[in-house]
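Reviewing the structure listed below.
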Amino acid sequence: MPFRIFCRVLGLVLCSTALIVYFASHSIGTVVITTLTCSLLLQLAYFASVLFLIWQSGWVSRAGQRPEHFDSCKEVESEPPDHDEVTNESADLLQRDQMLAISLLLP
């Protein structure tokens with residue numbers, strides 16, 4: 001999701017929350033407190049989702065990729081892969097994690 005769209009959606013959510021609270025309570029103080037609370041909750045949810053993605057990527061790499069890599073080196077008794085192979089694998093993992101993060105942000 002592009003940053004501009006993210007900012008528009010965030011602004012739309014906060015403005016709609018402020019309008020709904022104002023029409024329900026007719027109090028500017030309540031609107032300010034509720035909007036700030038909503039903003040804080042959105043930030044906490046975003047932070048928690050990033051931590052979840054980091055935890056999940058670490059869990060996936062521990063569960064699946066490392067044992068296969070070490071087993072194949074022991075069986076073949078070859079040297080570790082060269083720097084280009086490791087860099088390509090890291091780039092593939094980074095791209096996969098970014099796509100997962102984007103898919104979690106989309107409704």
Side-chain angles (χ1 to χ4, degrees):
M1 175 185 299
F3 184 69
R4 294 175 83 187
I5 294 174
F6 173 76
C7 287
R8 287 179 185 169
V9 169
L10 181 64
L12 181 67
V13 167
L14 292 176
C15 287
S16 63
T17 302
L19 287 173
I20 290 170
V21 170
Y22 180 73
F23 287 127
S25 68
H26 297 292
S27 171
I28 298 294
T30 305
V31 169
V32 170
I33 292 172
T34 306
T35 304
L36 290 176
T37 305
C38 182
S39 175
L40 180 65
L41 288 175
L42 288 172
Q43 290 177 15
L44 287 174
Y46 177 76
F47 183 71
S49 66
V50 169
L51 286 179
F52 174 74
L53 289 175
I54 292 170
W55 172 78
Q56 187 179 20
S57 69
W59 183 76
V60 168
S61 66
R62 279 189 306 242
Q65 295 174 353
R66 290 183 182 173
E68 292 174 8
H69 175 71
F70 290 134
D71 289 343
S72 65
C73 286
K74 288 179 183 176
E75 291 174 6
V76 178
E77 296 180 9
S78 64
E79 295 181 11
D82 62 354
H83 181 68
D84 292 334
E85 290 178 13
V86 174
T87 304
N88 289 341
E89 287 180 13
S90 298
D92 291 342
L93 286 174
L94 181 62
Q95 184 179 12
R96 180 182 54 98
D97 290 344
Q98 287 174 345
M99 293 301 291
L100 179 61
I102 290 171
S103 67
L104 287 176
L105 291 175
L106 294 175

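No donor-acceptor pair closer than 3.5 Å links the side chain of T34 to the backbone N or O of V31.
Between atom SG of residue C7 and atom CG of residue L12 there is a gap of 12.5 Å, rounded to the nearest 0.5 Å. Here OG1 of T37 is found 11.0 Å from CG of L42. Values are rounded to the nearest 0.5 Å. Rounded to the nearest 0.5 angstrom, I54 CD1 and S49 OG are separated by 9.5 Å. Between the SG atom in C38 and the CD1 atom in I33 there is a gap of 14.0 Å [rounded to 0.5 Å].
L19 and L10 sit in two unconnected hydrophobic clusters of ILVMFWY residues. Membership requires side-chain heavy atoms under 4.5 Å apart, directly or through other members. The same ILVMFWY cluster, assembled from side-chain heavy atoms under 4.5 Å apart, contains both V32 and F23.
Among all heavy-atom pairs drawn from Y22 and I28, the shortest one is CE1-CD1, 3.7 Å. Residues V13 and S16 come closest through the heavy atom pair O-OG, 2.9 Å.
Screening F52, Y46, F47 for a side chain to side chain contact (heavy atoms under 4.5 Å, CB included) with V50, the sole residue that qualifies is Y46.
Contact of the T35 side chain with the V21 side chain is not registered, since no non-hydrogen atoms from C-beta on lie closer than 4.5 Å.
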